[in-house]
Asks: 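The structure follows.
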There are 2 protein chains.
Amino acid sequence: MVVDTPIVNEEKVKETKARMISDTEIYSVSDFFKIFGDSTRLKILCALENNPLCVGDLCNVVDITKSAASHQLNILKANKLVKFKKQGKNVIYMLDDEHVLMIIETARKHLGEK
Amino acid sequence: MVVDTPIVNEEKVKETKARMISDTEIYSVSDFFKIFGDSTRLKILCALENNPLCVGDLCNVVDITKSAASHQLNILKANKLVKFKKQGKNVIYMLDDEHVLMIIETARKHLGEK
DNA sequence: TTGACAGTTGAACAATTGTTCAACTATAAT
DNA sequence: ATTATAGTTGAACAATTGTTCAACTGTCAA
C-alpha cells in the first residue's frame, strides 16, 4: 500500500529521504541478514567454524536430515558463505569466509551487553 | 525430524558438538539477525540514524502505512533497538543503540567486498 | 554390472512472518 | 462536549520461507 498519513515536518522528511540508503542496497543487506536469521543455518556455520565436515557428519552435529542440510547448504553456497570439495563419495563443506564469524561474534557481544 | 545418515568420523563429530554454541544462544542470535532481515525494519533504523522522527514522518520517509510502521516499531522496541518519547499528539521514535548501525555497516562492507 | 551409500533436487506441505483492515485510545483544538 | 488527528492493537489474510518426502545422480565396492 501507500502512506496513509500526512507529513508533519516537510523539510526533515525531505532531508531524511535524501540520506537513505538505496532500496536495492537495503534489499541486499536485509537478504544478507536473513541468512543468519535461521537457527539451522547458524548452527551449520558454527559447526564448520573449526573444521570442514562432510554432509553426513554435519547432519549428525546439527541434528538435521540430509535433505534439510543440502537445501540450507545451497543457500549458504549461493551467498558465498561456504564452499565445498568432493572427496570420493563424500562432499566436504567448509567456510568460505572467516569474516562471517566476526559478524556472529559482534551480535553475541551485543546481546551479552543488554 | 531426526538425523537420517550415519556418522563418518565419530571423533570429529563428538569434538565439533562439544565446541558448538548452546541451542538457547543460537536461538537468541538468530532472532537478533531476523530483525535486520526485513527491509522495512532496516529502512526504519536507517531513517532514524540521523534524527528522531514521529511516526507519521517515518511513514512518509519509508513509504508505509501507520499500522505497518507501528507493528514494526513494536518489534524494534521489544528488542531495545528503538525508544520513544511522547510529544503532544505525536510519538517520537529514535535509535536506542548506536551500536546497531555498526552491525549494518559491517554487513554493507562485507557485501561490498564480494 | 549390480547393489549400496552419499548427497541433491523439486514439489508438496507446514510454519512463520509481514501487511491490511477495522476498531480502538489518547491528545489537542474548536 | 464534540470533532479531528496521531498512533496502537488484534485478527484475518497474504506472502515468504523451512522442512519433508520421494525420486534421482554419481561414486565406490563386490
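Chain identifiers are assigned alphabetically (A, B, ...) following the order of the sequence lines, protein sequences preceding nucleic acid strands; residue numbering begins at 1 within each chain.
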Asks: Out of D/dT27, C/dG18, D/dT8, which nucleotide sits closest to the side chain of A/K89?
Replies: D/dT27

Asks: Rounded to the nearest angstrom, tell me the gap between atom CG in A/L76 and atom C1' in D/dG18.
Replies: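 Those two atoms, CG and C1', are 13 Å apart.
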
Asks: Within the modelled atom types, does a donor on one side and an acceptor on the other bring the side chain of B/S67 and the base of D/dT9 under 3.5 Å apart?
Replies: yes

Asks: Any side-chain donor paired with an acceptor under 3.5 Å for B/T65 and B/S67?
Replies: no

Asks: To the nearest Å, give me how far apart NZ (A/K66) and C1' (D/dT20) are.
Replies: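 About 14 Å, once rounded to whole Å.
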
Asks: Rounded to the nearest 0.5 Å, what's the gap from NZ on B/K89 to SG on B/C54? Could you check?
Replies: 11.5 Å

Asks: Would you mind reporting whether A/I92 and A/L53 have side-chain heavy atoms less than 4.5 Å apart?
Replies: no

Asks: For D/dG7, does the base pair up with any side-chain atom of B/H71 as donor and acceptor (N or O, under 3.5 Å, distance only)?
Replies: no

Asks: Expressed as a whole number of angstroms, how long is the span from B/K86:NZ to C/dA28:C1'?
Replies: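 Those two atoms, NZ and C1', are 14 Å apart.
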
Asks: Nearest to the side chain of A/S70, heavy atoms from C-beta on, is which of D/dT8, C/dA6, C/dT8?
Replies: C/dT8

Asks: For the pair B/K12 (side chain) and A/P52 (backbone), establish whether a donor and an acceptor sit closer than 3.5 Å, ignoring hydrogens and angles.
Replies: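 Flag set: sc B/K12 to bb A/P52 pair under 3.5 Å.
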
Asks: Taking ring pair (Phe, Tyr, Trp, His ring centres under 6.0 Å) as the definition, give me every residue that meets it alongside B/F84, ordered by chain and number, with sequence neighbours left out.
Replies: B/Y93

Asks: Which part of the nucleic acid, if any, lies within reach of B/K34 when heavy atoms closer than 4.0 Å are counted: base, sugar-phosphate only, or nothing?
Replies: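 If one applies the 4.0 Å heavy-atom cut-off, B/K34 turns out to touch the sugar-phosphate alone, with no base involved.
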
Asks: Report the residue (B/N74 or A/G88) whose heavy-atom-nearest nucleotide on DNA chain D is the more 5′ of the two.
Replies: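 That would be B/N74.
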
Asks: With a 4.0 Å cutoff (strictly under), does any side-chain N or O of B/N90 reach OP1 or OP2 of C/dT27?
Replies: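 Answer no for this pair, as no side-chain N or O of B/N90 is under 4.0 Å from OP1 or OP2.
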
Asks: Output the rounded distance in Å from CG (B/D38) to C1' (C/dT19).
Replies: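 B/D38 atom CG is separated from C/dT19 atom C1' by 10 Å.
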
Asks: I need the CG-C1' distance between A/L58 and C/dG7, as an integer number of Å.
Replies: 12 Å

Asks: Tell me: OH of A/Y93 to C1' of C/dG7, nearest whole Å?
Replies: 8 Å

Asks: Choosing from C/dG7, D/dT20, C/dG18, which nucleotide comes nearest the side chain of B/Q72?
Replies: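 Looking only at heavy atoms from C-beta outward on B/Q72, the closest nucleotide is C/dG18.
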
Asks: Between C/dT27, D/dT19, D/dT8, which nucleotide has the shortest distance from any of its atoms to the side chain of B/V91?
Replies: D/dT8

Asks: Of A/I75 and B/A68, whose closest DNA chain D nucleotide lies nearer the 5' terminus?
Replies: B/A68

Asks: Roughly, in whole Å, what's the span from NZ in B/K85 to P in D/dA6?
Replies: 19 Å

Asks: May I have the distance from A/F84 (atom CZ) to C/dA6 (atom P), rounded to whole angstrom?
Replies: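 Taking atom P of C/dA6 as the reference, CZ of A/F84 is at 18 Å.
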
